[in-house]
Each structure stands twice: as structure tokens, then as C-alpha cells.
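Basis for what follows: all heavy atoms, side chains included, without hydrogens, waters or symmetry-related copies. Since the structure is predicted, the reported quantities are computational estimates derived from the model, not experimental observations.
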Amino acid sequence: MILRVLDWRISPDAAALKDVSATAQQVDIRLQQFCYWLFSILLCANGKELESITNSHPEYIRFYNSLWLVANDVIIGIALGSYIIENSVFVASQVDKIFNTWSIEGLRRMISWLMDGPVD
């Protein structure tokens, strides 16, 4: 049902929610992967031998590849989140420094440069 909501369009020419929002797009991808996993697990449980699946179906590889990708996302997310939480003062100071350097100070340098040498 959520997949249908994410793919719903007001009119045939309008964009779907998953096309407009990056968050909705990620939710859509994860829900499709979950549905694929359920299908693959049910396929294995309905009498398909694991050995015959590995020898004759690329779905076996696709299934474990998608599991590996999600596991990587979770592992990297936890590691990065833990680093940010443990070093929040340092991370905040670096973000502030980068933001000031590239936005505020960069804009000031650009305005000074334009005022010193205007275009004829």
C-alpha cells in the first residue's frame, strides 16, 4: 500500500511523490527490496532446493547482493553515527569552519573582488 502511495500521481503528467522527494525515493527502494526478499524467501520455502537455486538462477546472487548492500548501509551508518556522536564538538567546529570558509567568507571575498575591479 505504501508503494502505491509513493507511486501515485495526481494526473498522468504529474510527478509521483517518489520522483519529487529523495526520502520518498529511498523508502520506495527499501520497500521494493523488502518485497523482493519476501518473494525470494517464499520461493526457497516452497520446495526449491538451495543447490538448484544457486546453479540455475541469478536471483540467488541478486538476493544476497541486495542483502549485502543493505548490511553495508546499516554498518556504515552506525559507524558514522557513532563517530559523530562521540566527536560532536570536533565535528560541529569543523562544519562551522567549512561553512564559514565557503559561504560567508567566500561571499565576502567575492564581493571585495568585484568592488576592487568592476567590469567595464
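- Considering all non-hydrogen atoms of both residues, Gln25 and Lys18 come closest at CB-O, 3.5 Å.
- Taken to the nearest 0.5 Å, the CG atom of Asp28 stands 12.5 Å off from the OG1 atom of Thr23.
- Considering all non-hydrogen atoms of both residues, Val91 and Ile84 come closest at CG2-CA, 4.3 Å.
- Atoms CD1 and CG, on Ile104 and Asp96 in that order, are 8.0 Å from each other to the nearest 0.5 Å.
- Note: the hydrophobic cluster containing Leu69 does not contain Leu67 (ILVMFWY, side chain heavy atoms under 4.5 Å, direct or indirect links).
- Residues Leu107 and Ile98 are members of separate hydrophobic clusters, defined by side-chain heavy-atom contacts under 4.5 angstrom among Ile, Leu, Val, Met, Phe, Trp and Tyr.
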Practice problem: Please lay out, stage by stage, how Asp73 and Gln26 fare under the test side-chain contact (heavy atoms from CB on, under 4.5 Å). | Solution: CA-CA 12 Å; Asp73 286 347; Gln26 287 300 313; over 6 Å; no
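- For Ser66 against Gln33, the heavy-atom pair with the smallest separation is CB-NE2, 4.4 Å.
- Hydrophobic clustering, with ILVMFWY side chains joined whenever heavy atoms are under 4.5 angstrom apart, groups Phe34 together with Val70.
- In this structure, CZ on Phe99 lies 10.5 Å from OG1 on Thr101, to the nearest 0.5 angstrom.
- Partner of Trp113 under the side-chain contact (heavy atoms from CB on, under 4.5 Å) criterion, out of Met115, Met110, Arg109: Met110 alone.
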